[in-house]
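Keep in mind that the numbers below use all heavy atoms, side chains included, and drop hydrogens, waters and symmetry copies. Every value quoted in this text rests on a predicted model; they were computed, and no experiment measured them.
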Amino acid sequence: MTNGKPEGNTMHNNNSRPATRRIVSRRSALGLLGFGAAAAALTPTLSKMAQAQNQTQNQPSPPAQNQPSQIITKKIPRTKEKLPAIGLGTFMTFDALSNQPRDSVRGACALHSALLLSADRLGQVMRRFWDAGGRLVDTSLLYGMSEVNVGEFARTLGLTNDVFVTNKTWATGEYLGDPSQAQRQLEQSLKRLSRDRIDVMQVHSLVNVDAILPLLKAWKKEGKIRYVGVTHHNPLYFAALEKWIENGDLDFVQLRYSIRQREVEDRILRAAAARGTAVLANMPFEKARLFELVKGQPLPDFASEIGCENWAQFFLKYVISHPALTCAIPAPTNPDHVAENMGALRGSLPDNSMRARMVNHMESLPGFDKLLQTPWYPGKKFNGLVRLPNPRPIG
């Protein structure tokens, strides 16, 4: 949440994409999940998983193909701090603790083995993301065990204080303006991530934003967080996002942006650029639906002009080439897909003429116009704490 030309039916397991254009899971925002106590109780298990993952990864990781000095970076407008233009999302993908064992094994030992396999895979995702020059990791207390896993794997890899963490709070309190729930959420996040400060804290899906945004600004003054922001993925709330960009004195805004969902280009991205607000793009692959659409389709010949080797890079380069965009946050579960995604940080970015050409090509493909009317995550299944509605959401 890729790439090369698909061959045959390769949608038979949760981590496959069509041949070298494979599908991975992508992040979204759902309702608040009451899992804090369960997560705290399971933290020792995660520690053991991370230790096991570290022990089973004694072999050196693949050489970094992209050192930070060689990759595409963007500046946070208000501070000029540079970030690699591709980050790592964690919704669904890092929510791994409740993965079920394979059908051929049973019992607690089998579950433990399945968890270690999952931990090993996710640990490699984090490792290869970092080796490729990635720095920004986006998570939330709403993403099941994702926040816990981010903290565990960062510690295992020795990256706790180096990862640029963008997190979120979803709080309503017992009464209007009650900050206690948000305060508890912050303390829990700091503990899970083993940090004294979080880089970016965002009001998740604008929930109680009038009360929570001033609290985030107070935390910023106190040094608990570095930047404040708001998020939403639903186009129904784009007007509200624009209002907060215009009037909320935001450091960051996170929104949905892809080659299919370009609505934000007309007003919101322009507003963000004018106000000096950094922009994070979620759903750059439209919940894996873009890969389903191009399954069996070769890349257009002109893609080589901007260094695209696969569809993931084609989709990501469109997103990060917008001058207002700071970082796109796809969410891979397969280490090989990380390498494919991070390849978008190499080579040139499309100019306006090339961007129009890319859109025209996608519009020529059957089904592109109806893509947003299809369910999320085609061919994918997740077994974490977070459960998608059934039938799966569309839009």
Open item on the list: What verdict does the side-chain hydrogen bond (donor to acceptor under 3.5 Å, both in side chains) test give for E340 and N310, after you've listed the backbone C-alpha separation in whole Å, the side-chain angles of each residue and the deciding distance to 0.1 Å?
Closed with: CA-CA 7 Å; E340 295 171 354; N310 49 62; 5.2 Å; no

Task: salt bridge (Lys or Arg N to Asp or Glu O under 4.0 Å), paired with E81, selected from K75, R226, R135 - done: R226

TODO: Evaluate the ring planes of W311 and H361, with Trp represented by its six-membered ring, and classify them as parallel (under 30°), tilted (30 to 60°) or perpendicular (over 60°).
DONE: parallel

- [ ] Answer yes or no: is there an ion pair linking K220 with D251, defined by an N-O contact shorter than 4.0 Å?
- [x] yes

TODO: Look at E265 together with R355 and state whether they make a salt bridge at an N to O cut-off of under 4.0 Å.
DONE: yes

- [ ] For V228 and I225, work out which heavy atoms get closest and say how close.
- [x] CG1-CD1, 3.7 Å

Task: Salt bridge D266-R262, side-chain N to carboxylate O under 4.0 Å - done: no

Open item on the list: Using salt bridge (charged side-chain N to carboxylate O under 4.0 Å, His left out), reason through E292 and K295 one step at a time and then give a plain yes or no.
Closed with: CA-CA 5 Å; E292 182 73 7; K295 186 166 60 174; 3.5 Å; yes

Open item on the list: As a test of understanding, state which of Y237, W170, F238 forms a ring-ring contact (aromatic ring centres under 6.0 Å, His included) with H232.
Closed with: Y237

Open item on the list: Between E305 and R357, does any side-chain N to carboxylate O distance fall below 4.0 Å?
Closed with: yes

Open item on the list: Under a plain distance cut-off of 3.5 Å, with no hydrogens placed, do D351 and S353 share a side-chain donor-acceptor pair?
Closed with: no

Open item on the list: Closer than 4.0 angstrom, basic N to acidic O: yes or no for D138 and K168?
Closed with: yes

Open item on the list: A side-chain contact here means heavy atoms from C-beta on lying under 4.5 Å apart; do M92 and L388 qualify?
Closed with: yes

TODO: Show your reasoning for whether salt bridge (charged side-chain N to carboxylate O under 4.0 Å, His left out) applies to R275 and D249.
DONE: CA-CA 8 Å; R275 295 290 179 175; D249 191 26; over 6 Å; no

Open item on the list: Checking the side chain of S146 only, and the main-chain atoms of T90 only, is there a donor and an acceptor separated by less than 3.5 Å?
Closed with: yes

- [ ] Have a look at E147 and tell me which of L142, D95, L141, V165 forms a side-chain contact (heavy atoms from CB on, under 4.5 Å) with it.
- [x] L141

- [ ] List the steps, then state whether side-chain contact (heavy atoms from CB on, under 4.5 Å) holds for R197 with K224.
- [x] CA-CA 5 Å; R197 183 173 64 172; K224 296 176 181 177; 5.7 Å; no

Open item on the list: Any salt bridge linking R155 with E152? Criterion: basic side-chain nitrogen under 4.0 Å from a carboxylate oxygen.
Closed with: yes

Task: F164 side chain reached by Y227 side chain, heavy atoms, under 4.5 Å - done: yes

Task: Heavy-atom side-chain contact between T231 and Q202 under 4.5 Å - done: yes

Open item on the list: So does A171 get a backbone contact from the side chain of N208, meaning a donor-acceptor N/O pair under 3.5 Å?
Closed with: yes

TODO: Flag the pair L136 / L280 as yes when at least one side-chain heavy-atom distance between them is below 4.5 Å, and no otherwise.
DONE: yes

Open item on the list: Measuring only between side-chain heavy atoms, which start at C-beta, is L250 closer than 4.5 Å to I245?
Closed with: yes

TODO: Flag yes if more than 12 heavy atoms outside E174 fall under 6.0 Å of its CD atom; otherwise flag no.
DONE: no

Open item on the list: Between R128 and D336, does any side-chain N to carboxylate O distance fall below 4.0 Å?
Closed with: yes

Task: Full working for side-chain hydrogen bond (donor to acceptor under 3.5 Å, both in side chains) between H204 and S140 - done: CA-CA 8 Å; H204 202 147; S140 173; 3.2 Å; yes

Open item on the list: Salt bridge or not between E187 and R184? Use side-chain N to carboxylate O under 4.0 Å.
Closed with: no

TODO: Please determine if E363 and K370 form a salt bridge, counting it only when a charged side-chain N lies under 4.0 Å from a carboxylate O.
DONE: no

Task: Check: R289 side chain, E286 main-chain N or O, donor-acceptor pair, under 3.5 Å - done: yes

Open item on the list: Under 6.0 Å from the ring centre and within 45 degrees of the ring axis: does the NZ or CZ of R260 meet both conditions for the six-membered ring of F368?
Closed with: yes

